[in-house]
Structures are given as structure tokens and as C-alpha cells.
Engineer: 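I'd like to ask some things about the structure below.
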Amino acid sequence: MGIMKRIGIGLIFLLTIFKSCYSIYEDQVGKWDWRQQLVGCPISATFEGQSKAASSNSQRQPQLVVVSKEQAIAALNMNTGKIAWRRLQEANITNPEAFKTIVDEKYIYSLVDDGRILRVWTRRTGTLSWQEKLEETPQNGPTSLLANNDEVLVLSGQTLSVFTKKGVFKHKMQVEKSTWVQLHTLPTQDVVLLSLSASTLTVQQVKDAGNFLLKGRIQLKAASGEKCILIGAHMACYHSDSLQIVDLSGQTVKGPSEVATGTSIRDLFALENDRIGVRGPDSVSVFDLTGKKIFTIQEKNIEAAEAVKNAVILITKTQIGVYDAKDGKQVFKMNIPASTFERASATRIFVNQLKDEYEILAVFADCRVELFVVNPGRNQVTSEWCREEGLARLAQVEMVDLPLSESQQLIEDEFEGAAGNIISSLIKRCVTQLGQLKRWFIRTLREMFTLSHSIKTQVNSFATLAEVLRNAGKYSHERGSLPLERDLFNLRKMIVASSLDGVVYGLDSNDGAVIWKLQLSKVVPPGALKTALGKEKIPLFVQRTTAHYQLKGQMAVAFQNAINSNGVIVLFDPITGEIVEKHQLSRPIKRVEILPFLGADHVHSLLILDDSERISFVPKLPDEIAISASPIFLMDVDPKGNLDGYKVNFIEKRLVKQWHTNLGLDSNERIVISQGKPAHEKVHSQGRVLIDRNVDYKYLNPNLVALASVDTIHQQISLFLVDSVTGQLVHTAKLLKASPPIHLVHCENWLAYAYWSDRGRRTEIGIMELYEGEEKSNKQKFDSLVPTKTPPSVVAQSYIYAQGVDAMAVSETEQGLTNKAILFALPLGGIHEVTRRFIDATRPLELTQEMREEMMIPYMPEIPVAPEDMVNYNQTVYNIRGIKTAPAGLESTSLMFAYGIDVFFTRLYPSGTFDILKDDFDHLLISVVLLGLILGSIISKRIARSNALNAAWA
Amino acid sequence: MSFLDCRIDYTPIIRQSKLDNQLSPPGYSSTGTAIQQHTDGEHNVEQQEQLARKRAWDVAMGPAKALPMNMFMMYMAGRSVSIFPIMMVAMLLWRPVKALFSVGATFKPLEDERTTGSLLLHKIIFILGNFATIGLAIYKVHTMGLLPNTPSDWLEFIPQAQRVQYNLVSDTYV
């Protein structure tokens, strides 16, 4: 009875809480949010045979099957480029090379999850036909997959398994270890297994009985199988400028016969009639299997080449060329149609030959995918569609305020520079006000035109008229009609995102359209920076916001030269994407940080530490600022738990070592995350109000860094809170029987962490809050070098979370007054917003009357996961790697951008929309009613007067 | 004889009225009353004075006497911040304040007597009583948690602490 009663009370309580959660209404879908679904950077693409002809007969749209680096298999609609279906595979893999797919007429065979699972999909609809688990543990060796007429052969680990096409297991056999393997069907339908280890190629024939027949071992120049292609019964490999051809057809392997091609070979491709295409930087040569050159096509800067039935297609920076496959004569050559953004170099093309035209799918270095249709008869090249797949590989994201709008600027101008005589300032004010009037007039006219147009085209009843009038305000916000400028509440931002392929995108936060694209390959071949904790990054820094309206905003991106790994810093304008300055450093970057104080021209300089421990500043720091700079400290973390603290000496431009400590980690324990607090964090409330109305002051140490280490052998996770200025260990915690994935959110005075609990077999969320006590040591300043009166006390609590966690972030608002909300990206595609009131270390176990009056929430081990708390409702987003939040101009609103294989943007209201009118607030109705009332009172007054007059006469 | 010729003769009644109180109730003596009135006069003034003093003390002690009742009422009103307790507390606070501004007017009717000299004490006590009521009201407001007298009430005004040092935390690259 008691338990039932308690559960009942709990339920009632929960229901009352859910009222405070704000989910959206049906008519708000897509109003403030957008999603882009992507497939990732393609590694292969397969056309549907003779797609155009087939489609005109049957209703169905032709599809293009794309397999991507991001472990996705997808079908794109050939006509529109939209995703027809998409199947994502396990994303947290260690061996991306193990991902193999084969596409045949009816099925797609895929070896996924580090070579552990074989999955077969139907090609048309992408439904899973069958799947088989091959291995228990992830495989780090090479894998291979082959689908014959009647069998599926899969090599994973050191086991070759054979299945029938229906998925029935036939037999398996052991294979020697090697660095590269390939299964291949010879024209005689025999299956051979080619394996390469240390330049020795071993060829074995796979017998039906389940054993191998050795066909020979030969030495090759090529050390990796990536440089080889298989053509019929031959294998061709290249090494610098020589081409080696091996004949696999006989009982024993013959060869290799070697040909010197005279150009440094970039790529090989197969042609019809067993011929080999060799692509060099400025030519494409075609050889037959004996090594005789048939013809050569000369062309400058060939980026990719591919052959179809009777043509060789080349793509250069600006042109597409079609050549006859028999004699190499030029059939067609034309410029690629111009695109909005400069194209990167093409890395790969896939070609499909139709009756009289060619469909060419080009994949560029920035993972842009574009479909060209070449029609030699009509002499035209058209770009059918393109997809920015680089957005699936974002590394870091910043949100930048748009510049002040022209009218805001004019107002600023009006009061700018008051010095001058009365006449000139009067003239200035008149001119600026005339400008404002003119602008208002133009804007209103434009709005009226669009409104009248939409009334003409859309209205057919009174209801639609009302709807159009109600939406009238929105038409003016459409892009293109007006320049990019800040809106009233600064809700529209520029999302600047760097991708791992060396592109920086500028996205409009209204609809996700790419506004500009900065190709870092224009400067040097870009490479991502690798962190000591084993992640790849291309960091972005906001050096100057757009708040200084006379000056343009400025951002910086740091990356490395892919060839010599020297550091490169590019400064650019975040609104237009134009490069301001380029800095090619002479050494690799060890650290790059943005200084907290302003240098010349309101720019935050970057501090760059190179691998020889020398410091430089970009842009240069003026001496007077360097001398008066506040002390800056740096902390180095290495995965083994060695921490070093340094102080920056601005005058001598070097680091001064302050302290060194070792966390004393176990030999198989590694630090995986190091996270400081957000640099410009605003904390509105300096303490927590206790039930007796005293204050427990927060321990708001801005220099605190949270470290998490993982010991996979003993299944434990340790958390450390270190003051990075003094090296003082503020707190440590050990989570027993816990394992990764671990995610941290560190802000204000708390640290929230999600981890997998092996004991409970569930995800758990921990929260740690630090308090200084009822007295604050120093209310004005926080100095890490001065100890607090009492050591900070830690309150901790943990909760059960019924979902996995892919990424974790916290909302951010203008003043830090609104409650924080923690965002969890779930593997099932949701983004779950949980208010901090739930994930709170001070939730009481027993609720007293006073606590109830203070609306405290009693401790419950479970964090409720309600569908209405998903900020992306049914717009699922997968494989989320990070969530970026940014404050809007309104205190209630925080902007959120989640990126993974999908990208999603929305607005968050962690404490509800307390400072804006409800979205469905009916201005029109209110004003109509108000006007009606005023009119009614005037009319009734007149009537009353005339009635009174009549009554007096009667 | 017409009706107009008729006359009413009033003389005997007038004469009768002049006669000693033949119509007075038995035992009534007009002279006796006058004497009694005269003799009671001195005694009555004393009584009046006493009454006035008593009245003055009543007025002066009024607020203090109402205090226990007010305390009970406030106790019954509870600690919750809702419209009725707030109204009660506001009344409790407002009445003594109003009374304090009209001390003179309250004691004016009593000042006519010869007791004027001693009214100062009454006024002081009256004022003290009202202050006590105000004190009670303030205590009530305090127990309701409406007085900004705890650190938590001033918490939101504490500015964010300035940083003395800055730390830079991002990744170390290899």
C-alpha cells in the first residue's frame, strides 16, 4: 500500500513537472529548425543500368547507390540527388578499411562493424535481406568481400567464410596473416585469393571443398594493394612510374612484366577488352595486357579519369573531356558549368553511359558530390545536382553574430562623432534620417509588392487571405532579397564550420543554406591537426565579432600542411568567407590558443606554440599590450597523466614552467578527455539558495579543468578536477565498473558526465557540484593563487539514463540567467533536452514542507526520457559527434547546432519563452478588436447623444 | 347660536398650571430635585474626570491590548504567501501607521477636560502600542520570508568575480 501510494505521488509529481517542459505544436514544425540528411564522403557509387530508358517506361525513379567513408550505404535519386533510402552502419569503429561493399543487380553486400557483421540489402528499397555475425571482436586486419553467381565469400580476420546467396553458411577456412587481401573471380569462374605482405604477393585458388591451392608467390614493387587493380585474369600494380602486370590465368602465376610509363602514375583504371588506363598528372595512357602502349591522351592537370564502354572520360580543374576508347581521339571537350562556389579538385569520378549521353558523378576533395550530364551530340554539359557531403564531416563549429543591419548602423552613425559645429551635425542628422526614411520606404514598398503578389497568386478564399496577411512579415526575411544582417533579437546567426577535409563553410542559421565556402586547399593542401588525446581537429577562433560595426568580423582557422605538417593559420571574414591573411608557419603547431584580451584593432590575437616551444602571435601583439597583459597560464596534458603548467612570458615570447605533477595513473590507464570551462562564460547567480535562506556560494574557479581517464582492464573511470594555474588537484572521483563512452560537460560550478556502467548494464549520468560554503572568500576577484577560506565541498549524485549518449552539451544564454539545459544526442536519433533541475546533485531524498514550497524536485534515480522533450521531435539525426550552443539576443533563447552525419539546428527555450509573446499571439485579431471597440464607442456615443436629443423634444 | 359665537375659556387651566404641581406624580418635589442636583454636581465632576481618565487609558492601551489578538490572528494566517494572509498583514501594518499619524485627533475629545496634563503619557503609550503592532506585522512579514534580510535576497546583485589570471585550455597537438 505504502509503495503504491508513493508511486502514485511520484507519478502525479512527474505529470506536474512535464507541464513545464515545452514541446512544439504541429504548426511549429520546421519553423525554427532545419535538418540536413547526408550520406558522407562517397568511396564508391554504382549507377543503375541504363537508368534513363528504364525510368521513362516504369514509374520508378532511377537510383544511384553510394557507399561512404562514414559507413553509410544510401541510394540517391538520380534526377534530384535526394536520398531515396539510407542505411547507417555502426559508426564507432576502429578500422575504417574493413568496411567493404559490393553492389550487384539485386543486392548490396556489406561487411560492416570492423569486419564483424555481413549484411545484405536489397538494392531497390534498402531493406535488410539477411545478416550474419562473423566475428565477436573488432578486426584490425584487412578484409575482403566477393559475391559470385551463387556464393558470397567474405574474408574477415583470418577466416574466409562462404555463404550461399540466400545466407546459408557453407564452410570456412583459415588464411595467413597479411597486410592486404583481395578475393577475385577469374573469367573461368575460379575464385582466387590475393594477399600481399611485405611486397610479396601470394595467389591462392579457393577450392569448393574448402581448401586453397597455391598458385604462386611473386615479388611486387607496390607495397600496398591500393595501387593495384584487377582486370579479368590479370592484376596491374603501379609504383612511381612503373607498371607491373601479373597474369593469374594459368596454373601458376606468371609475371610480373614491367613497363616504364614515363610519367609518375597517380591512378589506374580498367577499360573494355582487358586494357589498362594509366593516369599521370598530365596524361592518360592506355596499355594492353602485354604492356604495349595503345594510345596516350595529353591534357593538363588531369584530376580524375574513368572509362566506360567506349569512352574515356577525363576531368580537369575546368573541363570535362570525352575520348574514344579505341584510339584516344577527342570526342568532346567542354568547360564545366560554373558553380556558386569554387570547386575543389576532383578526387574520383564515376561514369554511366546512356544511349547518347554520359552521366558523370564527380566527388571532389571537399566531399562535394556533383552529377554532370554530358551530351556530346548537343555539345553540352549540365550540372544536374550537387550535394555538400562535407557537412557530414564537420570538425568544429562556431556561431557568429551577423553584422548590424543598415538601419541599426544608420542609428549608430547618427550619434557617432558628435564633434563638429551645429550646422554640420544638423546636416548629418538630416542626411542619416533621410537615409533611414528612404530605407524604410524601399522596404515597405518591397513588402507591399510581395504581399500583393502573394495575394494574387495564393488567395482564393477569405481564410487564405487572412493566412497570407498573417504571414506577411515573413516574406521580407527571405534570403536574397536583403543582405545578411542582424535581426531584431539576434536570432539569426552565421554558422561557421570547419570540415576535416579542409573546407570552412558559412551556413545561414535560418535554413542551413551554404552562404560561402572557403577552400583551405587554395592555400596549401590541408590536413587536420591531431591532438595528443587522439582526435582530429581543425580549430576555429573568433578573433573579432561583428560588434564593432566599422570593422569587419574576423575569424581564424588553424590546420596543418598535409605534405610537411607545418602549421598554417588563415584569417578570414566570417560573413563573406574572404581570406584576410595567410600565415604559413615554418614548424608544426603544438598548441594554438586565442588570447582573452584585445590587441590592436579589437582583434584577439592567436597564441601559437610550435614544436620547438617558441611562441608567436597572429596578428602580432603590440608591445604596450604585451607588457600590460594579464598573466596567462597554459596546462599540458599527456595521456599518461603527466601534467605541466606554464606561464606565458609575453616579452621574451616563451613559456615559463610553473609546476609539474603526475596523476599516478595505472599503467593501462589513459586520459581521454581534458575539458576546461567555456572562455566567456556568464554566471548570473553566484550561489545556491538553501532552504534556510542562506547562500551556499558556488566555487566558480574559471581555471578549473576536468580530466577523465579510462582504465579498460579494471573497468574504471577516474575524474580529476585540476586548477590549471597552480596544479592543485581540487577533487578526484573514481567510478568503479564503468567504461567508455564517456562524455563531459563542464561549466559554472558543475561537471556532468555520462558513462556506461558495467555493473548496472546501463548508461548513467553523474553530476558533481562544487561549493565554497556559506561565506565567499573574495566576491570581487577570483585568484587561483590565493586559497579559498575553506576547501570547496563537492556534492555528487548519479542518475540512470535509459538511453545511450553520442554527444553531450549544455545550453548557453546571453546573461546566464536562464536555467541551463543539458542536451544529449541519442544513438536512436533524438536530441534530448533535460533541464538542469533534473540533473542536480542537490535533489533531496526526503522532501519536507519547506522544500515543497521551494518547488524542489525529490531525488529519483531515473531521468525521464519523454518523447516531447526531444528537441528534434521526429527529425531524427544520427551519429552526432558534437553539439554547439550559442546565445541569442533574447535571454530565454539558446541556439543549438548538432553535427554528425546529419546536421540539425534549432532554438532552445530551457526555461520557457518568458520574454517573448507566444508564437500564436494574434496581433491581427487584437488590433481588429481594439479598433472595433474604439469605433463602437464613438458610434454609440453619437447615437446616445441623438437619442437624448430626440427624447428631450418628445 | 352659531358656532362662531362659541368661546373657549382658558383661564382656569392657566390658573391651574400656576398652581403647585397638582399634576406631578406622587412624591415628586421640584424643589427637592433642585437641591439634589446641586448637591450631586461636585460628585459628578469627579466621576466624569475618572471616566475620562479611564477612557484615555483605554484609548492609550487599545493597541497594546489588541496585540495578543493580533498575534493569534497572525498565527492563524499561516506562513504561506497568498492573498488573504497578505491582506491581513497589510491591514495590520497599515492601521497602526494610520493611527500614528492621527495621535492628536484620537486624543482631542479627551483634551477638553482638566486632565490635559497627564495625556502625554497616554500618547506615548499609545504610540508604543502601535509600534509594537507594527513590529508584530514586520515580524510576520519576516516569517513569511518577504523581508530582504538574508544573504540569499541579495545574491542576484553580486557581480561575477573578475579573473586575476587567465588559463588557456585546448588540445596539445602532435
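Naming convention: chains lettered A, B, ... in sequence-line order (proteins, then strands); numbering from 1 in each chain. Values below: every heavy atom of this structure, side chains too, minus hydrogens, waters and symmetry copies.
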Engineer: Is it the case that atom NZ in Lys54(B) sees more than 12 heavy atoms from other parts of the structure closer than 6.0 Å?
Structural biologist: no
Engineer: Measure the spacing between CG of Leu690(A) and OG of Ser152(B) and express it to the nearest 0.5 Å.
Structural biologist: 8.5 Å
Engineer: Report the C-alpha separation of Trp154(B) and Val695(A) in whole Å, then their side-chain angles, then the decisive distance to 0.1 Å, and conclude whether the side chain to side chain contact (heavy atoms under 4.5 Å, CB included) test is met.
Structural biologist: CA-CA 10 Å; Trp154(B) 304 97; Val695(A) 174; over 6 Å; no
Engineer: Taking CD in Gln162(B) as the centre, count heavy atoms belonging to other residues, nucleotides or ligands within less than 6.0 Å. Is the count above 12?
Structural biologist: no
Engineer: Do the side chains of Gln160(B) and Gln686(A) get nearer than 4.5 Å, heavy atoms only?
Structural biologist: yes
Engineer: Looking only at heavy atoms and a cut-off of under 4.5 Å, which of Gln560(A), Arg591(A), Lys781(A) has the most pairs with chain B?
Structural biologist: Arg591(A)
Engineer: Atom CZ of residue position Arg670(A) - does it have more than 12 heavy atoms of other residues, nucleotides or ligands inside 6.0 Å?
Structural biologist: yes
Engineer: Does a sphere of radius 6.0 Å around CD in Glu775(A) hold more than 12 heavy atoms from other residues, nucleotides or ligands, not counting ones at 6.0 Å or beyond?
Structural biologist: no
Engineer: Can you say whether Pro588(A) sits under 4.5 Å from chain B via the side chain, the backbone, both, or neither, judging by heavy atoms?
Structural biologist: neither
Engineer: Considering non-hydrogen atoms only, spot the tightest contact between Ser685(A) and Glu156(B) and give its length.
Structural biologist: OG-OE2, 3.4 Å
Engineer: Does Thr172(B) reach the side chain of Thr531(A), with side-chain heavy atoms less than 4.5 Å apart?
Structural biologist: no
Engineer: Given heavy-atom pairs under 4.5 angstrom as the criterion, report whether the side chain, backbone, both or neither of Gln849(A) touches chain B.
Structural biologist: neither
Engineer: Mind checking whether Tyr166(B) and Asn703(A) have side chains closer than 4.5 Å, heavy atoms only?
Structural biologist: no
Engineer: Relative to chain A, which of Leu168(B), Val169(B), Ile158(B) shows the most heavy atom pairs under 4.5 Å?
Structural biologist: Leu168(B)
Engineer: Quick check for you: among Val786(A), Leu700(A), Leu785(A), Leu533(A), which has the greatest number of heavy-atom pairs under 4.5 Å with chain B?
Structural biologist: Leu785(A)
Engineer: Can you establish whether the number of heavy atoms outside Lys647(A) located under 6.0 Å from its atom NZ is more than 12?
Structural biologist: no
Engineer: Contact part of Phe597(A) toward chain B, heavy-atom cut-off under 4.5 Å: side chain, backbone, both or neither?
Structural biologist: neither
Engineer: Heavy-atom distance under 4.5 Å between the side chains of Arg693(A) and Asp153(B), does that happen here?
Structural biologist: yes
Engineer: Is Lys65(B) atom NZ crowded by more than 12 heavy atoms from other residues, nucleotides or ligands, each under 6.0 Å away?
Structural biologist: yes
Engineer: Taking side chain as everything from C-beta outward and backbone as N, CA, C, O, which of these in Pro151(B) sits under 4.5 Å from a heavy atom of chain A? Side chain, backbone, both or neither.
Structural biologist: both
Engineer: If I measure from the heavy atoms of chain B, does Leu634(A) come under 4.5 Å with its side chain, its backbone, both, or neither?
Structural biologist: both
Engineer: What heavy-atom pair brings Phe633(A) and Gln165(B) nearest, and what distance separates the two atoms?
Structural biologist: CE1-CG, 3.4 Å
Engineer: Pick from Gly567(A), Ser565(A), Pro596(A), Gly645(A): which one has the most heavy-atom pairs with chain B under 4.5 Å?
Structural biologist: Pro596(A)
Engineer: Closer than 4.0 angstrom, basic N to acidic O: yes or no for Lys537(A) and Asp171(B)?
Structural biologist: yes
Engineer: Output the option from Leu609(A), Ile632(A), Leu595(A) having the highest count of non-hydrogen pairs under 4.5 Å with chain B.
Structural biologist: Ile632(A)
Engineer: Between Ser674(A) and chain B, which part of the residue has a heavy atom less than 4.5 Å away: side chain, backbone, both or neither?
Structural biologist: neither
Engineer: Of all of Val81(B), Thr150(B), Val164(B), Val174(B), which one pairs up most often with chain A through heavy atoms under 4.5 Å apart?
Structural biologist: Val164(B)
Engineer: For Val592(A), which atoms come within 4.5 Å of any heavy atom of chain B: side chain, backbone, both, or neither?
Structural biologist: both
Engineer: Please look at Val725(A) and chain B and tell me whether the side chain, the backbone, both or neither of the residue comes under 4.5 angstrom of a heavy atom of that chain.
Structural biologist: side chain
Engineer: With heavy-atom distances below 4.5 Å as the criterion, would you say the side chains of Pro539(A) and Tyr173(B) are in contact?
Structural biologist: yes
Engineer: So with a 6.0 Å cut-off around CZ of Arg654(A), is the heavy-atom count from everything else above 12?
Structural biologist: yes
Engineer: Side chains of Asn167(B) and Met635(A), heavy atoms from C-beta outward: is any pair under 4.5 Å?
Structural biologist: no
